[in-house]
There are 2 protein chains.
Amino acid sequence: MVERSLNEHLSHLLAQANRHLSRQLTAEGVSLDQWRLMKVLSESGGLPMGKLAEELALNLPTLTKLVDRMVQDALVYRVPDPADRRKVRMFLSDKGASMLASQNKRVEEHEAKVEDNYGNEDAQRLKSMLENFIKQIV
Amino acid sequence: MVERSLNEHLSHLLAQANRHLSRQLTAEGVSLDQWRLMKVLSESGGLPMGKLAEELALNLPTLTKLVDRMVQDALVYRVPDPADRRKVRMFLSDKGASMLASQNKRVEEHEAKVEDNYGNEDAQRLKSMLENFIKQIV
DNA sequence: GAGCAATTGTTTAATCGGAAACTATATATA
DNA sequence: TATATATAGTTTCCGATTAAACAATTGCTC
């Protein structure tokens, strides 16, 4: 049993890839997490905090405070669920939607460029492999 | 031009995969970054801070403070470079080496299990695709 | 339906992270 | 060799993250 070098560890490779890409995608004060949050809400508005935390792999206290800030900035808003008053349903505001739109543009452009350089077929393949991988480990 | 859903974005998939895996690998107070740092030093002892930051995709102030803590815990130590006194060379202590050994064991076991479930060939392929991807975007 | 457990989310206290400013040393230029 | 410029790390300040404790509401069981 030979010891692996760092570059042969999935955890390391994922950390590197994630950090580089997420740095490149942070712009105009919109972090990758903020973008992902807004994007989820645009696709499924009204998600409760718990589901949102799951979708984004954020833990709940972290999400609470991220949402606090985004509510301050009027990007999203909370609506208590009348059917289950423990729940808080999250929605994207108009301002949030327009922020999302411009950030979408930046992200799409950047990823398109990256995927072009990497090779579009390979990029496609990489994504579907990651998708399966995530299902595996969650 | 159809708008992509979140699951079709590499940035999202990488963030998810990274977070899940890095959470699962944090143990006994050793974070993924701490492990990666110790592992790099075990492979190339004497790296200056700047190189170390590059290798780990950490920015320098963050690394300084991570190292501060690890020096407190006597896992690593600093040696000023006599040839260039701006530089600080980092080394793994004996305690660090033994910490690394036990954490290596945990990581290897966990990743082996994950890779088994995912399929070893696919895992291998995923890693080499990620390696290429990282070269691409850095 | 009263009491107890489970679920949902927030708060608290401590630690960690990042951008910008700063210190110290080395190198280049005149 | 004096002055400017570049490089390597650290510090500061403020914002972000975490684990643990907490509060509110719902569901279960007797």
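Just so it is clear: chains get the letters A, B, ... in the order the sequence lines come, proteins before strands, and each one is counted from 1. Just so you know, these numbers use all the heavy atoms, side chains as well, and skip hydrogens, waters and symmetry mates.
Using a 4.0 Å cut-off between a side-chain N of Lys or Arg and a carboxylate O of Asp or Glu, A:D68 and A:K65 do not qualify as a salt bridge. A salt bridge is absent between A:K105 and A:E28: the closest approach of a Lys/Arg side-chain nitrogen to an acidic carboxylate oxygen does not fall below 4.0 angstrom. Ion pair A:D33/A:R36 flagged as a salt bridge, since at least one NZ, NE, NH1 or NH2 atom sits closer than 4.0 Å to an Asp/Glu carboxylate oxygen.
No side-chain donor-acceptor contact under 3.5 Å links B:S5 and A:E43.
Here C:dT8 presents its C1' atom at 14 Å from CE of A:M90, a figure rounded to the nearest Å. We find that CG of B:L60 is positioned 13 Å from C1' of C:dG17, with the value rounded to whole Å. As rounded to whole Å, 15 Å separates atom C1' of C:dG18 from atom CG of B:D68. Atom P of nucleotide D:dA16 and atom CG of A:L63 are separated by 14 Å, given to the nearest angstrom.
Heavy atoms of other residues, nucleotides or ligands lying less than 6.0 angstrom from CG of A:D116 number more than 12.
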Set out, line by line, the N/O atom pairs under 3.5 Å between protein and nucleotides 1-5 of chain C.
none

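Shown here are the ring pair (Phe, Tyr, Trp, His ring centres under 6.0 Å) partners of A:H9, two or more places apart in sequence or in another chain: B:W35. In this structure, A:K135 has no salt bridge (charged side-chain N to carboxylate O under 4.0 Å, His left out) partners at least two apart in sequence or on a different chain. With sequence neighbours excluded, the residues satisfying side-chain contact (heavy atoms from CB on, under 4.5 Å) with B:R86 are B:D84.
Under 4.0 angstrom from either OP1 or OP2 of C:dG17 there lies at least one side-chain N or O belonging to B:R69.
Contact annotation for A:R89: no contact, since no heavy-atom pair falls under 4.0 Å across all strands.
Contact annotation: the side chain of B:V88 never approaches that of B:D81 to less than 4.5 Å [non-hydrogen atoms, C-beta and beyond]. In this structure the side chain of B:R85 never reaches within 4.5 angstrom of the side chain of B:P80, judged on heavy atoms.
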Per-nt protein contacts along nucleotides 18-26 of chain D (heavy atom under 4.0 Å; B base, S backbone sugar-phosphate only, - none) come out as BBB---BBS
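Residue A:F91 is not grouped with residue A:M99 when hydrophobic side chains (ILVMFWY) are merged at heavy-atom distances under 4.5 angstrom, including chains of intermediate members.
Listed in residue order, the members of residues 24-57 of chain B having a heavy atom less than 4.0 Å from DNA chain D are B:P48, B:M49, B:G50.
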